2 protein chains.
Amino acid sequence: MIRKRFDDSSCSVARALDEVGDWWSLLIVLQAMYGTRRFVDFQRELGIARNILCDRLERLVSNKVLRKVDVGEHGSRFEYRLTDKGRDLFPVVIALRQWGDKWNPAPDGQALDLRDRASGRPVGTMQVQDADGQPLTIRDVFVREEPDTRQTANRKTR
Amino acid sequence: MIRKRFDDSSCSVARALDEVGDWWSLLIVLQAMYGTRRFVDFQRELGIARNILCDRLERLVSNKVLRKVDVGEHGSRFEYRLTDKGRDLFPVVIALRQWGDKWNPAPDGQALDLRDRASGRPVGTMQVQDADGQPLTIRDVFVREEPDTRQTANRKTR
DNA sequence: TAAATAGAGTTGCATAAAGCAACCAGATTT
DNA sequence: AAATCTGGTTGCTTTATGCAACTCTATTTA
């Protein structure tokens, strides 16, 4: 693969994908959001190869998406828990889930029914909004050029 | 890689990642949102290998995220344009961007400044909301078990 | 009109990841 | 004392990715 890296990219999407943009990382985060914390459980629930899981967990920990907690009274028992940074992926995961439900519904038409604990009503549809909460499409949005960082206009910032 | 596929997974996140969860697809979609449409431009802007780009474009087209349009008057000139399905990834991309900006800001602190064309104000922060638009965290949300599809309780649906 | 250039891909090859299965070492049960 | 469980490693095979060179139309340029 050689897998080109984007960690120094000027694009924050690229930088984000550099951390969670592989085939497994987001699924691991999702699983963690469901409450999974232990190595074997991730392995079982996701059906991921153990060496890959190992590698992904390490990466997520080193990127501070998860933290590794020793809960083994005396070693040999660890938990991987979401950090604030990891928890902050909630909107990303939900947006992806809703996209998947809308455009690639499950064969049986069943979508996971996420609801607000307080009201019991379904979670709203993720949308890009303006400052007043009104939905925005791509066409409603433009990129404001930064008010010139220095003398040279650099248009390559994305 | 062998890359395990999730296209028949019961998890819509997994199904979504199966289509756009690799290193390049979302960046291609993002680039398309910026207005890029032609092969060489994607190649140049993203710095992606041409064979990989070729493969990714084909996949995105076959998954109906992009469509390939012949604009060559007489062939040999094509454009890849977002479909509605592709455009619907807007919230995903924006959520990712905001996450990247928040937790991995660019070295120079510059984040892309997205604004609402109508008001000129910055785009709001993506958040999971309840039916009234109130923000929800992971802990505010629960999974409602489907009201029993048939006789057997199947708890493996995620 | 011939030659050069551009667009959109292919092809071939080297290298790095993903998947799989077997193996290990410390701690806990049986 | 033997069997399990947990969290990994190791070795090997199969794919993917990156890179560079090449191809085939179609459009420009000289």
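If you're wondering where the values come from, they're calculated on a predicted model, not measured in any experiment. Chain letters run A, B, ... following the sequence lines, proteins first and then strands; every chain starts at 1.
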S.K.: Please determine whether a side-chain nitrogen of the Lys or Arg among A:R87 and A:D84 lies less than 4.0 Å from a carboxylate oxygen of the Asp or Glu.
M.R.: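 Yes.
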S.K.: Hey, is the main chain of B:Q129 close enough, under 3.5 Å, to the side chain of B:Q134 for a donor-acceptor pair?
M.R.: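 Absent.
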S.K.: Are the side chain of A:K85 and the backbone of A:L66 linked by a donor-acceptor contact shorter than 3.5 Å?
M.R.: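 Side chain of A:K85 to backbone of A:L66, a donor-acceptor pair under 3.5 Å: no, none is there.
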S.K.: Measure from the side-chain N and O atoms of B:R117 to the backbone N and O of A:V141, and report whether any donor-acceptor pair falls under 3.5 Å.
M.R.: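 Yes; at least one donor-acceptor contact below 3.5 Å.
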S.K.: Can you tell me the distance, in whole Å, between the CD1 atom of B:I28 and the C1' atom of D:dT17?
M.R.: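 Result: 13 Å.
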S.K.: Between C1' on D:dT15 and CG on B:D55, what's the gap in Å once rounded to a whole number?
M.R.: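 Nearest whole value for this atom pair: 12 Å.
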S.K.: Ignoring hydrogens and angles, tell me if any N or O in the side chain of A:D140 forms a donor-acceptor pair with the backbone of A:T137 under 3.5 Å.
M.R.: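 Here the side-chain-to-backbone pair exists.
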S.K.: Using the side chain to side chain contact (heavy atoms under 4.5 Å, CB included) rule, take A:R97 and B:C11 through it: C-alpha gap first, then chi angles, then the decisive distance, then the call.
M.R.: CA-CA 8 Å; A:R97 172 181 295 293; B:C11 173; 4.3 Å; yes
S.K.: Round to the nearest Å and state the distance from A:I52 atom CD1 to D:dT10 atom C1'.
M.R.: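 These atoms are roughly 13 Å apart.
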S.K.: What integer distance in Å separates B:L46:CG from C:dA8:P?
M.R.: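 Distance, rounded to whole Å: 15 Å.
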S.K.: Look at B:Y80 and C:dG9 and indicate whether a side-chain polar atom (N or O) is within less than 4.0 Å of OP1 or OP2.
M.R.: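 Checking C:dG9 against B:Y80, a side-chain N or O does come within under 4.0 Å of OP1 or OP2.
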S.K.: Separation of B:Q43 atom CD from D:dA21 atom C1', in whole Å?
M.R.: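 Nearest whole value for this atom pair: 14 Å.
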S.K.: Identify the pairs formed between an N or O of the protein and an N or O of nucleotides 3-7 of chain C at a distance under 3.5 Å, and give each distance.
M.R.:
residue	atom	partner	partner atom	Å
C:dG7	OP1	B:R38	NH2	3.1

S.K.: Base, sugar-phosphate, or nothing: which does B:F42 touch, judged by heavy atoms less than 4.0 Å apart?
M.R.: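 Here B:F42 touches no strand at all.
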S.K.: Determine: side-chain N/O of A:W24 to OP1/OP2 of C:dG19, distance under 4.0 Å, yes or no.
M.R.: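 For C:dG19, OP1/OP2 do have a side-chain N/O of A:W24 under 4.0 Å.
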S.K.: Think B:K68 forms a cation-pi with B:F78, using NZ or CZ under 6.0 Å from the six-ring centre and within 45 degrees of its axis?
M.R.: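 Because its charged atom sits under 6.0 Å from the ring centre and within 45° of the axis, B:K68 does stack over B:F78.
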S.K.: Can you tell me the distance, in whole Å, between the CD1 atom of A:I48 and the C1' atom of C:dA17?
M.R.: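 Checked: the CD1 to C1' distance equals 13 Å.
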S.K.: Any side-chain to backbone donor/acceptor pair from B:D116 onto B:G120? Under 3.5 Å, distance only.
M.R.: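 No: the side chain of B:D116 does not pair with the backbone of B:G120.
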S.K.: Extract from the structure each pairing of a protein N or O with an N or O of nucleotides 11-13 of chain C at less than 3.5 Å, listing the distance.
M.R.:
residue	atom	partner	partner atom	Å
C:dG12	O6	B:N51	ND2	3.4

S.K.: Using a cut-off of strictly less than 4.0 Å, decide whether A:K68 has a side-chain nitrogen or oxygen near OP1 or OP2 of D:dT6.
M.R.: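 No, outside the criterion.
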S.K.: Send over the distance from A:R56 CZ to C:dA17 C1', rounded to a whole Å.
M.R.: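 Spelled out: CZ on A:R56 to C1' on C:dA17 is 8 Å.
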S.K.: Check whether any side-chain N or O of B:R50 sits under 4.0 Å from OP1 or OP2 of D:dC22, and answer yes or no.
M.R.: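 Indeed not, no polar side-chain atom of B:R50 lies that close.
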S.K.: For the residue pair B:T83 and B:D88, establish whether any side-chain heavy-atom pair is separated by less than 4.5 Å.
M.R.: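 The answer is no, as the side chains (C-beta and beyond) never meet within the 4.5 Å cut-off.
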S.K.: To the nearest Å, give me how far apart CD (A:E79) and P (D:dG8) are.
M.R.: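 Roughly 13 Å, once rounded to whole Å.
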